[in-house]
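Structure first, commentary second.
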Amino acid sequence: MINEKVSVVIPYFNDSENIFNCLKSVLNQSFCVFEILVIDDCSDDSSVLISIINDINDTRIVYVRNEINMNGAYCRNRGIKLAKGDYIALLDADDSWTQDHIELSIKNIKTGDFLYSNKIEVFENKEEYIKVDNILDLKKQSDILLSYPPQTNSFFFKTMVRNYVLFDEKLKRHQDYQFLLDVIFENGIAVIYSDQFTSYYNIRGKNKNVIDYNSIFYFWNKNISLFNKADVKYKLWNIISGGCRDKRVSAINLMGNSFINDIFIDDKAFSLLKKIKNDCLLKLLINIYFFCFIDKFNKIIRVKKFR
């Protein structure tokens with residue numbers, strides 16, 4: 001295990017407030033990582049990032065900047081392709097790991113090729129330990145996305161995985177979901193669940209402006225055949241009702257999405273809602289409708305309470 005080389009890939013975009021703690025959590029690992037690839041997605045604060053990296057002064061940190069702004073999937077792919085280690089670990093620039101994350105990941109991956117683990121959600125200095133699903137306990141492995149899916153910061157895999165699976169660069173949202181599905185269904189990649197809590201997910205630090213509903217619907221449309229229709233409806237209820245409470249998202253625009261129309265084509269009430277032109281009234285009625293919808297379907301879909 002001592003001779004194993006681990007490359008860490010960190011996509012970065014305007015996160016100078018958090019990147020120092022992120023990098024320190026990697027540099028302070030009990031298992032010494034081989035390299036840290038920071039992929040700067042043409043940030044506005046690149047000069048600040050470079051200054052922070054220079055102050056840390058560790059030759060293992062490799063700085064790479066995109067000439068134009070791409071997205072998180074592109075940045076991860078670029079880092080994964082550049083990685084020189086035996087293993088690759090992913091981490092977001094506003095998140096961090098416990099000191100033993102890499103050590104436990106190498107220990108627990110054993111004969112597997114790809115490992116994921118639990119997460120610790122952080123909000124306003126409060127920590128919530130979230131135990132994600134073990135694919136071995138599920139009737140269908142794809143169902144891992146419908147209750148407690150893993151977060152990208154826990155992904156740890158052999159470098160050879162990149163020869164078979166990369167992130168879908170069309171996706172601004174759910175690219176981690178797509179990557180996980182592709183890994184699960186790719187023949188020859190052994191997936192391991194590790195019951196460890198070593199990845200911190202900073203909810204408050206997330207940039208809500210990056211939410212792209214067309215990307216979300218593209219993902220579910222692409223993978224609809226893997227899931228029960230009622231399950232997908234429940235998932236979309238969370239997406240749509242959340243969007244309708246967001247002043248930046250037009251309920252009318254959401255209703256105009258072709259995939260939304262297809263998935264709810266059998267619901268006459270939904271079709272009626274789409275005909276309403278008043279956006280404020282539509283938001284109100286959509287939320288009322290979906291609360292009724294959940295009451296109708298709660299006996300046939302799997303709903304878990306937040307632990």
Side-chain angles (χ1 to χ4, degrees), residues 1-43 45-66 72 75-109 114-122 125 127 129 150-159 161-162 167 176 194 196-207:
M1 188 176 83
I2 296 177
N3 295 324
E4 303 285 7
K5 295 180 179 179
V6 177
S7 298
V8 179
V9 174
I10 303 175
Y12 176 93
F13 182 69
N14 294 340
D15 269 321
S16 56
E17 181 179 347
N18 301 297
I19 190 62
F20 178 81
N21 289 334
C22 172
L23 291 172
K24 277 299 182 182
S25 81
V26 180
L27 294 170
N28 291 335
Q29 288 294 300
S30 57
F31 182 95
C32 184
V33 302
F34 174 68
E35 62 179 351
I36 306 168
L37 297 157
V38 180
I39 313 299
D40 180 2
D41 199 14
C42 196
S43 299
D45 63 353
S46 295
S47 59
V48 179
L49 169 61
I50 293 172
S51 177
I52 292 172
I53 291 175
N54 288 339
D55 287 343
I56 293 175
N57 191 27
D58 192 303
T59 57
R60 289 176 292 169
I61 301 177
V62 180
Y63 173 75
V64 181
R65 189 176 193 272
N66 298 333
C75 292
R76 290 190 181 97
N77 284 343
R78 188 172 185 184
I80 289 170
K81 292 174 184 177
L82 290 171
K84 299 176 182 178
D86 304 300
Y87 292 94
I88 295 173
L90 303 181
L91 181 62
D92 291 340
D94 55 351
D95 295 321
S96 59
W97 291 325
T98 62
Q99 193 172 8
D100 56 352
H101 173 74
I102 298 296
E103 180 181 354
L104 288 177
S105 297
I106 289 181
K107 176 182 177 182
N108 292 327
I109 198 170
F114 178 93
L115 176 145
Y116 71 89
S117 54
N118 303 316
K119 60 182 176 179
I120 307 169
E121 291 190 350
V122 181
N125 296 321
E127 297 180 358
Y129 284 69
Q151 205 275 331
T152 324
N153 295 329
S154 74
F155 291 179
F156 183 86
F157 50 94
K158 291 180 179 178
T159 303
V161 168
R162 68 184 176 191
F167 284 86
D176 51 345
S194 178
Q196 63 188 65
F197 292 90
T198 55
S199 300
Y200 288 105
Y201 181 68
N202 182 16
I203 296 177
R204 188 173 185 177
K206 304 305 172 188
N207 183 356

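The first residue of the sequence shown is numbered 1, and numbering continues consecutively from there.
Counting only heavy atoms from C-beta outward, the side chains of L23 and I10 approach each other to under 4.5 Å. With contacts defined as side-chain heavy-atom distances shorter than 4.5 Å, the pair F156/V6 qualifies. Looking only at side-chain heavy atoms (C-beta outward), Q196 and S105 come within less than 4.5 Å of each other. Using a 4.5 Å heavy-atom threshold, the side chains of L90 and F167 count as touching.
Looking at R76 and D92, a side-chain N of the basic residue comes within less than 4.0 Å of a carboxylate O on the acidic one, giving a salt bridge.
Judged by distance alone, the side chains of N153 and S199 never bring a donor and an acceptor atom under 3.5 Å apart.
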Evaluation steps, side-chain contact (heavy atoms from CB on, under 4.5 Å), between F155 and V161: CA-CA 12 Å; F155 291 179; V161 168; over 6 Å; no

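Of all the heavy atoms in T198 and S117, the pair that sits closest is OG1-OG, 4.3 Å. Closest heavy-atom contact between L82 and E35: O-OE2, 4.3 Å.
Here I56 contributes atom CD1 and S51 contributes atom OG; the two are 10.0 Å apart, rounded to the nearest 0.5 Å. Atom CD of residue E4 and atom CG of residue D86 lie 5.0 Å apart, to the nearest 0.5 angstrom. Within the model, atoms CG of L37 and NZ of K81 stand 13.5 Å from one another, a figure rounded to the nearest 0.5 Å. Between the CG atom of D176 and the OG1 atom of T152 there is a distance of 3.5 Å, given to the nearest 0.5 Å.
The ring pair (Phe, Tyr, Trp, His ring centres under 6.0 Å) test applied to Y12 returns no partner, not counting sequence neighbours. Contacts of F197 classified as ring pair (Phe, Tyr, Trp, His ring centres under 6.0 Å), with partners at least two apart in sequence or in another chain: Y129. Remark: N21 engages no residue in a side chain to side chain contact (heavy atoms under 4.5 Å, CB included) (not counting sequence neighbours). Evaluation of the side chain to side chain contact (heavy atoms under 4.5 Å, CB included) rule for N14 yields S43, D44, D45 as partners, not counting sequence neighbours.
For E127, the CD atom counts as densely surrounded, since its 6.0 Å shell holds more than 12 non-hydrogen atoms of other residues, nucleotides or ligands.
Under a 3.5 Å cut-off, the side chain of N202 and the backbone N or O of D95 do not form any donor-acceptor pair. Under a 3.5 Å cut-off, the side chain of Q151 and the backbone N or O of Y201 do not form any donor-acceptor pair. With hydrogens and angles ignored, the 3.5 Å screen pairs no side-chain donor or acceptor of S16 with any backbone N or O of L49. When atom types are taken as modelled, the side chain of T159 and the backbone of G85 share a donor-acceptor pair closer than 3.5 angstrom. Between the side chain of R162 and the main chain of I88, no donor-acceptor pair closer than 3.5 Å is present. In this structure, N66 contributes its side chain and C42 its backbone to no donor-acceptor pair below 3.5 Å.
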Donor-acceptor pairs are to be reported for all side-chain atoms of residues 24-32 against protein atoms at under 3.5 Å, with residues two or more places apart or in another chain.
{"residue": "S25", "atom": "OG", "partner": "C22", "partner atom": "O", "Å": "2.8"}
{"residue": "S25", "atom": "OG", "partner": "W97", "partner atom": "N", "Å": "3.3"}
{"residue": "N28", "atom": "ND2", "partner": "K24", "partner atom": "O", "Å": "3.1"}
{"residue": "Q29", "atom": "OE1", "partner": "H101", "partner atom": "N", "Å": "3.2"}
{"residue": "Q29", "atom": "OE1", "partner": "I102", "partner atom": "N", "Å": "3.0"}
{"residue": "Q29", "atom": "NE2", "partner": "S25", "partner atom": "O", "Å": "2.7"}
{"residue": "Q29", "atom": "NE2", "partner": "T98", "partner atom": "O", "Å": "2.8"}
{"residue": "S30", "atom": "OG", "partner": "Q99", "partner atom": "O", "Å": "3.4"}
{"residue": "S30", "atom": "OG", "partner": "E103", "partner atom": "OE1", "Å": "2.5"}

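Listed by first then second residue, pairs satisfying side-chain hydrogen bond (donor to acceptor under 3.5 Å, both in side chains) with a partner in residues 53-64 read D40-Y63, D58-R60, not counting sequence neighbours.
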